[in-house]
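Down below is the structure, laid out as C-alpha cells.
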There are 2 protein chains.
Amino acid sequence: MNELITYFNQFNHLSDEAIKAIADISKPVIIKKNQDLQAIGHTCRTIYFIKKGVARIYYFKDDIEITECFAFENAIIARVESLFTGKPSRKAIQMIEDSELIGINSPKLFELYNKFPEIERLFRKIFESAYVDTVNRVESIQFHSAEERYNALLKDSPNVLQRVPLKYIASYLGITQVSLSRIRGIR
Amino acid sequence: MNELITYFNQFNHLSDEAIKAIADISKPVIIKKNQDLQAIGHTCRTIYFIKKGVARIYYFKDDIEITECFAFENAIIARVESLFTGKPSRKAIQMIEDSELIGINSPKLFELYNKFPEIERLFRKIFESAYVDTVNRVESIQFHSAEERYNALLKDSPNVLQRVPLKYIASYLGITQVSLSRIRGIR
DNA sequence: CTGATTATTTATCAAATGATAAATTTTACT
DNA sequence: AGTAAAATTTATCATTTGATAAATAATCAG
C-alpha cells in the first residue's frame with residue numbers, strides 16, 4: 001500500500017483511519033502480460049492502481065481494435081465512462097507487461113465518501129486531474145497531423161516506445177500501423 | 001437562480017442553506033453576441049451557468065482559431081484546465097448569441113467545499129459527468145472520418161447548425177471550413 | 001534451437017483532406 | 001433598401017493518410 005499512499009499524498013493527505021478504510025476495500029492483483037484485467041461488457045466496479053506494469057484501455061470499432069489510452073506505474077486506471085454512469089463498458093483494460101496492481105472496490109469506495117469527506121475530496125482531485133489530462137488529449141488530437149501527434153507522444157512519454165508495441169501506439173494516435181511505420185521511417 | 005437549482009438537482013439535492021451560500025457567491029452576467037466572456041491569458045476564476053445563449057471555448061494554434069467545445073442553455077461552462085490547475089488559460093470563452101449567465105466565483109466555491117460537503121459532492125458529480133463527456137469526445141475524434149464526425153454532431157445536437165456558424169463547427173470537428181462545406185455538399 | 005506466429009516495414013495505388021483562390025450567399029449596419 | 005463585410009460554397013491541385021499486399025524482422029512455444 002505504500003506506493004498507493006504516496007500517490008494519494010500528491011492530491012490530498014488522508015488520516016490513518018481513512019487509509020485503513022481504503023485498505024479494507026482494496027486487494028492486490030497479479031496479472032500476466034497480455035491478459036485482460038477487465039473484459040468488454042462488464043460494468044466497471046474496480047479502480048486500479050498500477051504498482052508495476054503497463055496498462056491500456058481498448059475497444060473495437062468495426063472489428064478494428066483501438067487503444068484509447070495507456071497507463072504506467074504509479075497511476076490510476078479505470079473505465080470512467082462506466083465507473084461514473086454504472087453502465088456496462090464497451091472497453092477493456094489489458095496489461096501489456098506482467099503486472100502488479102491494487103484493485104479498489106468502487107461501490108464500497110463511494111460508500112466511504114459518506115463517512116470520510118477526505119476520501120471523497122481525494123478522489124475528486126484525482127479525477128479532476130485526469131479530466132484535465134483528457135481535455136489536453138482532445139486538444140492534441142483535434143488539429144495536429146499524425147506526425148505531430150507522434151512527436152508529441154515521444155516527448156511526453158519517451159518510454160512508451162520501449163514498452164508498448166507500435167500497433168497499439170498507432171491506434172492511440174488515430175492512424176493505422178502502416179501510417180505510423182511510414183512516419184517513423186522518415187527520420 | 002431557479003434554473004440553476006433545477007440543474008443542480010439533476011446531480012445532488014442541496015439544503016436551503018447550501019443554496020443560499022452558492023447564491024451569495026454568484027452574480028448574473030449579461031453579455032452581447034460575439035463578445036468574449038473570458039479572455040485568453042486569464043486564470044479561470046468563474047464557473048458559468050448558461051441561462052440563455054450559446055457559448056464556445058476557443059484557442060489559437062499557429063494563428064488559426066480552433067473551437068474546443070460548445071455549450072447551450074442549462075449547462076455549465078468553464079476552462080477546466082485552468083480552473084483545476086490555477087494556471088492561466090490559453091483559451092477564451094465567447095458567447096455566440098446575446099446571452100444571460102450566472103457566474104459562480106470558483107475560489108469562493110472551493111472554500112464552501114469545506115463547510116458544505118454536499119456542495120463538494122454536487123460539483124464532484126457535475127465534473128465527473130463532464131469528464132465522461134470528454135472521454136466520449138476523444139473516442140469520437142480518434143478514429144472517425146470527418147463525415148462521420150459531422151453526422152454524429154448533427155445527431156447529437158441537431159440545433160447546433162441553426163445556432164452556430166459553420167466556421168466554428170469546422171474547427172470543432174478538426175477540419176477546415178472548406179472541407180466541411182464539401183462534406184455538406186455531398187448530400 | 002527451430003519453425004510458426006506475430007509485429008513491423010516497404011511499396012503501390014486510391015481516397016480523404018488541406019491550401020489557395022474565386023464566386024456566391026448571407027448578414028450587419030446605416 | 002443599399003452597401004460593405006463576413007460566411008459559405010465551389011473549383012483546382014497538392015499532401016496526407018488509408019487499403020492492400022508482400023517482404024522482413026522479432027517473438028514465442030515446444
| query | How close or far is atom P of C:dT20 from atom CZ of B:Arg182, stated in whole angstroms? | reply | 14 Å
| request: Quickly work out the A:Glu148 CD to D:dT15 C1' distance and round it to whole Å. | output: 14 Å
| field | Closest listed nucleotide, where the reference is the side chain of A:Ala146 and the choices are D:dA19, C:dG18, D:dT17 | value | D:dT17
| Are B:Phe123 and B:Phe8 close enough that their ring centres sit under 6.0 Å apart? | yes
| note | Of the candidates C:dT8, D:dA6, D:dT12, the side chain of A:Pro165 sits closest to C:dT8
| Taking atom C1' of C:dT17 as reference, at what distance in whole Å does atom CD1 of A:Ile141 sit? | 17 Å
| request: Using the closest heavy atom to pick a nucleotide of DNA chain C for each, name whichever of B:Ser145 or B:Lys33 lands nearer the 5' end. | output: B:Ser145
| Is NZ or CZ of A:Arg56 both nearer than 6.0 Å to the six-membered ring centre of A:Tyr168 and within 45° of the ring axis? | yes
| task | Between D:dT20, D:dG18, D:dT8, spot the one nearest the side chain of A:Val178, thanks. | result | D:dT20
| query | CG of A:Leu173 versus P of D:dG18: gap in Å, rounded? | reply | 11 Å
| Between C1' of D:dA19 and CG of A:Asp63, the distance in whole Å | 16 Å
| message | Side chains of A:Arg184 and A:Tyr150 only: does a donor on one sit below 3.5 Å from an acceptor on the other? | response | yes
| How close or far is atom P of D:dG18 from atom CD of B:Gln142, stated in whole angstroms? | 12 Å
| Looking at B:Thr176, does any N or O in its side chain come under 4.0 Å of the phosphate oxygens OP1/OP2 on C:dT17? | no
| message | Check for me whether the distance between the ring centres of A:Phe84 and A:Phe127 falls short of 6.0 Å. | response | yes
| field | Nearest-nucleotide comparison on DNA chain C, the residue closer to the 5′ end among A:Leu166 and A:Phe143 | value | A:Leu166
| message | What is the separation between atom NE2 on A:His144 and atom P on D:dT17, rounded to the nearest whole Å? | response | 13 Å
| field | Position toward the 5' end of DNA chain D (nearest nucleotide), B:Gln177 or A:Ser179 | value | B:Gln177
| field | N or O in side chain of B:Arg184 less than 4.0 angstrom from D:dT9 OP1/OP2 | value | yes
| Nucleotide D:dT10, atom C1' - distance to CG of B:Leu180 in whole Å | 14 Å
| query | Counting side-chain heavy atoms from CB outward, which of C:dT8, D:dT17, D:dT8 is closest to B:Ser181? | reply | D:dT8
| query | Hey, do the aromatic rings of B:Phe143 and A:Tyr59 have their centres closer than 6.0 Å? | reply | no
